[in-house]
Amino acid sequence: MQSYTIGQAARLLGVSPDTARRWADAGRVATHRDESGRRVIDGKSLAAFSVEIAQGEDDDIPYTSARNAFPGIVTAIKLGDIAAQVTIQAGPHRLVSLLTREAVEELGLEVGMQATARVKSTSVHIDRT
């Protein structure tokens with residue numbers, strides 16, 4: 001499972017590292033130490049926390065986007081025989097993309113991993129980061 005530093009988590013959540021650190025200090029999101037001694041958050045915990053704060057439980061998140069690219073964290077994947085649905089939480093933005101199962105498998109997408117949703121017209125494309 002991918003883990004994120006406080007700084008990486010802050011960037012994905014659209015807040016400052018100080019805000020992410022305060023949330024961790026307050027126990028809102030669990031952290032642990034990696035082999036280098038840095039405080040990190042596991043991907044599944046960060047995914048769940050990003051959904052929680054996006055539902056309006058925290059007003060500190062800016063409601064802006066960076067043009068048409070939405071870096072975030074994969075919060076859900078529904079696989080069918082041919083098609084798939086991938087949900088990404090990018091700060092306060094929840095983006096859902098319908099794509100082929102093959103594309104999800106080729107990208108190696110999993111809940112808790114970092115990914116970028118790119119929006120063009122009515123299509124959402126997923127880039128693994």
Side-chain angles (χ1 to χ4, degrees):
M1 170 53 57
Q2 186 169 351
S3 293
Y4 299 89
T5 64
I6 296 291
Q8 290 170 325
R11 189 177 75 249
L12 291 169
L13 297 171
V15 298
S16 72
D18 286 340
T19 297
R21 200 170 292 108
R22 281 192 300 274
W23 286 341
D25 291 343
R28 292 191 61 193
V29 62
T31 63
H32 63 278
R33 300 276 177 186
D34 67 7
E35 58 276 351
S36 301
R38 297 178 301 174
R39 228 171 25 159
V40 294
I41 303 166
D42 83 278
K44 286 188 180 183
S45 295
L46 185 59
F49 183 66
S50 70
V51 170
E52 175 189 320
I53 62 172
Q55 292 174 343
E57 294 190 17
D58 199 304
D59 295 330
D60 293 338
I61 300 171
Y63 286 89
T64 62
S65 67
R67 299 185 189 188
N68 65 340
F70 296 85
I73 187 166
V74 177
T75 58
I77 298 174
K78 294 179 184 173
L79 294 175
D81 291 338
I82 297 171
Q85 177 180 313
V86 176
T87 305
I88 291 180
Q89 193 68 47
H93 309 287
R94 178 179 169 264
L95 298 118
V96 179
S97 178
L98 300 176
L99 57 163
T100 65
R101 178 186 183 116
E102 181 180 8
V104 171
E105 290 170 349
E106 284 180 7
L107 289 169
L109 294 177
E110 296 178 3
V111 170
M113 80 178 344
Q114 185 175 344
T116 300
R118 297 195 186 274
V119 180
K120 173 77 174 165
S121 186
T122 58
S123 299
V124 177
H125 303 267
I126 306 294
D127 295 340
R128 181 174 174 185
T129 53

Practice task
List in chain and number order the residues that pass side-chain contact (heavy atoms from CB on, under 4.5 Å) with Leu98, two or more places apart in sequence or in another chain; answer none if no residue qualifies.
Solution key: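 Once residues adjacent in sequence are excluded, the partners of Leu98 under the side-chain contact (heavy atoms from CB on, under 4.5 Å) criterion are Gln85.
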A side-chain contact here means heavy atoms from C-beta on lying under 4.5 Å apart; do [X] and [Y] qualify?
| X | Y | answer |
| --- | --- | --- |
| Val104 | Val86 | yes |
| Thr19 | Leu13 | no |
| Ser3 | Gln8 | no |

Considering all heavy atoms of both residues, which atom of [X] and which atom of [Y] are nearest to each other, and what is their separation?
| X | Y | result |
| --- | --- | --- |
| Ala20 | Ala10 | CB-CB, 3.8 Å |
| Ala90 | Pro71 | CB-O, 3.3 Å |
| Ala47 | Ile73 | N-CD1, 3.6 Å |

Working to the nearest 0.5 Å, report the span between [atom1] of [X] and [atom2] of [Y].
| X | Y | atom1 | atom2 | answer |
| --- | --- | --- | --- | --- |
| Ser97 | Ile88 | OG | CD1 | 7.5 Å |
| Met113 | Ile77 | CE | CD1 | 8.0 Å |
| Arg28 | Ile53 | CZ | CD1 | 7.0 Å |
| Thr87 | Leu95 | OG1 | CG | 9.0 Å |

Practice task
Output, in order, the C-alpha distance, side-chain angles, deciding distance and verdict of side chain to side chain contact (heavy atoms under 4.5 Å, CB included) for Ser50 and Thr75.
Solution key: CA-CA 8 Å; Ser50 70; Thr75 58; 3.8 Å; yes
Exercise for the section: Output all residues satisfying side chain to side chain donor-acceptor pair (under 3.5 Å) with Thr100, sequence neighbours left out; order by chain, then residue number. Expected result: none
Fill in the blank from the handout: Contacts of Arg94 meeting side chain to side chain donor-acceptor pair (under 3.5 Å) (sequence neighbours excluded), chain-then-number -> none
Practice task
May I ask you to decide if Tyr4's main-chain N or O and Gln2's side chain share a donor-acceptor pair within less than 3.5 Å?
Solution key: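 Looks like no, no N/O pair under 3.5 Å.
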Exercise for the section: Please collect all side chain to side chain donor-acceptor pair (under 3.5 Å) contacts where either partner lies in residues 103-116, sequence neighbours excluded, each pair once. Expected result: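 Listed by first then second residue: Arg101-Glu105.
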Problem - Counterpart residues, ring-ring contact (aromatic ring centres under 6.0 Å, His included), relative to Phe49 (two or more places apart) - result: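 ring-ring contact (aromatic ring centres under 6.0 Å, His included) list for Phe49, sorted by chain: Trp23.
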What donor-acceptor contacts under 3.5 angstrom involve side-chain atoms of residues 37-46, with partners at least two apart or in another chain?
from, atom 1, to, atom 2, distance (Å)
Arg38, NE, Asp34, OD2, 3.0
Arg38, NH2, Asp34, OD2, 2.9
Arg39, NH1, Asp25, OD1, 2.8
Arg39, NH2, Asp25, OD1, 3.2
Asp42, OD1, Ser45, OG, 2.5
Asp42, OD2, Lys44, N, 3.2
Asp42, OD2, Ser45, N, 3.4

Problem - Connected via hydrophobic side-chain network under 4.5 Å: Leu79 and Leu109 - result: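 Both belong to a single hydrophobic cluster.
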